[in-house]
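Counting convention: from 1, in listed order, for ligands and their atoms alike.
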Amino acid sequence: MKILKAEFIKSGTRPPDWPKHFLPEVAFGGRSNVGKSSLINSLVNRKKLVKVSGTPGHTQLINFFNVNDKLCLVDLPGYGYAKAPLVEKEQWGHMIEGYLFGRKQLRAMVVIMDLRRGIEEDDMMLVKAAPELKIQPILVFTKADKFSRAQRKKRCGEIAKEMGEDPDKMLLYSSKDHMGREELWGRITQLCNLDEE
Ligand code: GDP
């Protein structure tokens, strides 16, 4: 994907805050600190479009980004931060659910996981919501650069087995060297019915 434009549109928590456009949207979800901001920056070839967080658990807004006036990337707040107060965790759940179930132009959801940790309970909740939302989850395992090629394959096989998934459906990513970038764009453009340019 050739990135001609990548711009922050706005942040919001509730439906009235969401942008009033008709662009297809792709949501990105993942645990705090999983590497979600880095992955979005890597996808759009920008170093700082999304702020890479030093302290996990502090981006509690949904952030919308326009790409090429064709597509909107939606950065959901990171979940699963153990130290977050319960009330914050609940707010997170409501915000995410409100967006996922209330947004008509949502076409795909990228669930980002750490290849070292594999899939965890919160991630599973997102994956399981997908059929009800009639969208396909794209399962992405990031920080793959921390493994050798052989280890990556082995780890991917282990996680696929645990999830009862086809390992070919799981995508390995590294924001350090953009591994998996073209493949992820391929899936996104396909699910959003966009031309892959
Ligand atoms: P977020 O909280 O999910 O948005 O995570 P960040 O993008 O802020 O990344 C959290 C930490 O993981 C940062 O220190 C990043 O430099 C690091 N990181 C993110 N992606 C990768 C990756 O693909 N490979 C490696 N080695 N480190 C990464």
Side-chain angles (χ1 to χ4, degrees), residues 1 3 6-13 25-67 72-85 88-89 91-93 95-97 99-100 108-127 129 137-156 158-159 167 170-188:
M1 179 76 134
I3 308 297
E7 262 178 23
F8 171 69
I9 308 173
K10 64 187 305 197
S11 297
T13 54
E25 293 187 346
V26 182
F28 291 76
R31 294 175 69 85
S32 294
N33 224 30
V34 72
K36 180 160 54 64
S37 313
S38 308
L39 183 141
I40 299 173
N41 286 333
S42 149
L43 262 186
V44 297
N45 261 334
R46 300 283 190 277
K47 287 212 167 72
K48 289 181 187 159
L49 183 69
V50 188
K51 232 177 104 202
V52 174
S53 57
T55 343
H58 282 276
T59 15
Q60 291 303 331
L61 296 169
I62 302 177
N63 296 309
F64 295 84
F65 301 93
N66 175 338
V67 176
C72 177
L73 305 185
V74 182
D75 181 16
L76 301 174
Y79 48 79
Y81 181 48
K83 285 190 195 151
E88 226 172 81
K89 289 182 184 168
Q91 276 168 358
W92 176 88
M95 201 192 319
I96 303 295
E97 253 177 44
Y99 170 78
L100 292 177
M109 176 171 60
V110 180
V111 184
I112 307 164
M113 291 160 277
D114 186 322
L115 187 60
R116 295 169 300 181
R117 297 181 70 141
I119 187 154
E120 295 177 87
E121 222 177 292
D122 297 314
D123 307 315
M124 202 54 118
M125 270 165 35
L126 279 190
V127 174
I138 307 175
L139 308 175
V140 175
F141 293 88
T142 195
K143 308 196 185 178
D145 54 278
K146 294 197 182 266
F147 289 80
S148 72
R149 192 185 286 258
Q151 284 172 328
R152 280 199 286 268
K153 201 159 176 251
K154 182 167 171 275
R155 186 73 192 110
C156 208
E158 286 165 0
I159 301 168
M170 302 169 36
L171 213 146
L172 293 172
Y173 206 97
S174 164
S175 304
K176 293 257 181 251
D177 58 17
H178 305 305
M179 179 206 299
R181 184 176 182 274
E182 292 315 312
E183 204 182 339
L184 181 51
W185 268 126
R187 300 229 193 149
I188 291 173

> Can you tell which of R181, K47, H178 makes a side-chain hydrogen bond (donor to acceptor under 3.5 Å, both in side chains) with S42?
Replying inline: H178
>> Test your reading of the structure: does S37 have an N or O sitting under 3.5 Å from an N or O of ligand 1?
In response: yes
> Do K36 and D75 meet the salt-bridge criterion of a basic N to acidic O distance under 4.0 Å?
Replying inline: yes
> Looking at ligand 1, does any of its N/O atoms fall within less than 3.5 Å of an N/O of V34?
Replying inline: yes
> Taking V110 as the fixed residue, which of I138, L139, L43 is the one that meets the side-chain contact (heavy atoms from CB on, under 4.5 Å) rule?
Replying inline: I138
>> Holding to side-chain hydrogen bond (donor to acceptor under 3.5 Å, both in side chains), I want the full list of residues that pass it with R155, two or more places apart in sequence or in another chain.
In response: E158
>> Taking distance alone, with N or O pairs closer than 3.5 Å, would you say S38 contacts ligand 1?
In response: yes
> Relative to ligand 1, is T142 under 4.0 angstrom through side chain, backbone, both or neither, heavy atoms considered?
Replying inline: side chain
> If you count the atoms of ligand 1 from 1 in the order shown, which ones are under 4.0 Å from a heavy atom of S174?
Replying inline: 23 (O)
>> My understanding is that only residues two or more places apart in sequence, or in another chain, count here; which of them pass side-chain hydrogen bond (donor to acceptor under 3.5 Å, both in side chains) with N45?
In response: none
>> My understanding is that we take every heavy atom of each candidate and find the minimum distance to atom 9 (O) of ligand 1. Doing that for S175, G35, G30, which one comes out nearest?
In response: G35
